[in-house]
Trainee: 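Handing you this structure, nothing more for now.
Just so we're clear, the structure is a prediction, and the values are computed from it rather than from any experiment. The chain is numbered in sequence order, starting from 1. No hydrogens, no waters, no symmetry mates; every other heavy atom, side chains included, goes into these values.
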Amino acid sequence: MSKLTTSNASSSIATALSSYDWESGIITAFQLLLSRANKTAADSSTSRTDLLKLFVQVESAIQSANPTMLYADVLAKVHSTIASDHFGLAPSADEDANFGASIADWEPFPESRDALLRRNFQFALNKVREEWGVEAEQVMPTAQSLFHDHVPANKLDLKSSWIARRGSVVGAKESDLEEQGVKVTYTWKFETLGAMADEVEKQFGESGEGA
C-alpha cells in the first residue's frame, strides 16, 4: 500500500457520501413508489441491485445534463423519471420533492462518526479554518462513488482514497465505468472510512504527524 503522507491524509478530507449508507437510504425512499407499483424490493424486476443500478443510470444522466442542479432536485427528477418511465406511474410533485428531501434521513455508517473525530479530521478542520489556505496537493477526496467523486478528482489531478464498501452496488465497480469508456484511478482503497482512519493512526500515531 502506498504511504499516506501527512499533507494529503490530514489536511483536508472530503468525506462526501462515504460517511452515509446512501444505498439503503435510496431503497427506503423508493418504498412508496414500489408500493404504488405493487412491487417489493424482493421482486426479480426490482431487486435492490437492479433498482440501484437503474437509479445511478438515471441520476448520472440527469446530473450530466444539469451540472448546476441542487442534489435534492436531482433526486426529485430521478424519482419522477423512474416512476413514469420504468413503472408507468405519474407521481405528484410532493412525492418527487419528498424523495429529494429524503437525503436528510440517510443514516451514517456506524464507524463514520468515530472516524471523523480522529486526529486526521481535526487537523483538516484546523487547516481549513485558517482562512481556507489549503493547497490543492493537500486535498484528498475520500469517497465511495468512482463516477461522482474519483473521476472528477482525476480531472483535477488530485490523489484520492476510494471507500469500496463490501456489498455496495452504486459506483462500486471499475468495470462498469470502463464499459462506458470512462477511466478512473485512485491512490488508496479501503473497505470503510474507519479502516482508513486506522491506517492513518498506524502510520503516523495519535498525533497525526508523520515521521
Trainee: Which residues pass the salt bridge (Lys or Arg N to Asp or Glu O under 4.0 Å) test with Glu191, sequence neighbours left out?
Mentor: Arg166
Trainee: Which residues pass the ring pair (Phe, Tyr, Trp, His ring centres under 6.0 Å) test with Phe30, sequence neighbours left out?
Mentor: Phe99
Trainee: Is there a side-chain contact between Trp188 and Met196 (heavy atoms, below 4.5 Å)?
Mentor: no
Trainee: Measure the spacing between NE2 of His150 and OG1 of Thr142 and express it to the nearest 0.5 Å.
Mentor: 7.5 Å
Trainee: Could you please spell out the steps behind the salt bridge (Lys or Arg N to Asp or Glu O under 4.0 Å) verdict for Glu95 and Arg36?
Mentor: CA-CA 12 Å; Glu95 289 173 335; Arg36 285 189 57 197; 2.9 Å; yes
Trainee: Start with the C-alpha distance between Leu75 and Ile103, add both sets of side-chain angles, then the distance that settles side-chain contact (heavy atoms from CB on, under 4.5 Å), and finish with yes or no.
Mentor: CA-CA 9 Å; Leu75 290 178; Ile103 190 172; 4.2 Å; yes
Trainee: Which heavy-atom pair separates Pro91 from Ser80 by the least distance, and what is that distance?
Mentor: CG-CA, 3.9 Å
Trainee: Can Ile163 and Tyr186 be said to form a side-chain contact (heavy atoms from CB on, under 4.5 Å), step by step?
Mentor: CA-CA 10 Å; Ile163 307 302; Tyr186 47 85; over 6 Å; no
Trainee: Going through the checks in order, is the side-chain contact (heavy atoms from CB on, under 4.5 Å) test met by Lys77 and Asp96?
Mentor: CA-CA 7 Å; Lys77 191 169 181 62; Asp96 291 338; over 6 Å; no
Trainee: Going by the rule side chain to side chain contact (heavy atoms under 4.5 Å, CB included), which residues pair with Asp85 if we only count those two or more places apart in sequence or in a different chain?
Mentor: Thr81
Trainee: Shortest non-hydrogen contact from Val78 to Glu59?
Mentor: CG2-CA, 3.6 Å
Trainee: Please report the shortest heavy-atom distance between Leu33 and Ala83, naming the atom on each side.
Mentor: CD1-CB, 3.7 Å
Trainee: Report yes if the side chains of Val58 and His79 come closer than 4.5 Å at any heavy-atom pair, otherwise no.
Mentor: no
Trainee: Does a side-chain heavy-atom distance below 4.5 Å link Ile82 with Leu54?
Mentor: yes
Trainee: Please identify each residue that fulfils side chain to side chain contact (heavy atoms under 4.5 Å, CB included) with Asn98, with sequence neighbours left out.
Mentor: none
Trainee: Between Leu34 and Leu32, is there a shared hydrophobic cluster once you connect ILVMFWY residues whose side-chain heavy atoms come closer than 4.5 Å?
Mentor: no
Trainee: How about Leu52 and Trp22: do any of their side-chain heavy atoms sit closer than 4.5 Å?
Mentor: no
Trainee: Report the residues that fulfil side chain to side chain contact (heavy atoms under 4.5 Å, CB included) with Thr68, sequence neighbours left out, ordered by chain and then residue number.
Mentor: none
Trainee: Are any non-hydrogen side-chain atoms of Glu23 and Gln144 less than 4.5 angstrom apart?
Mentor: yes
Trainee: Side chain to side chain donor-acceptor pair (under 3.5 Å) with Thr185: which residues, sequence neighbours excluded?
Mentor: Asn154
Trainee: Is there a side-chain contact between Val74 and Asn66 (heavy atoms, below 4.5 Å)?
Mentor: no
Trainee: Is a side-chain donor-acceptor pair under 3.5 Å present for Asp50 with Ser47?
Mentor: yes
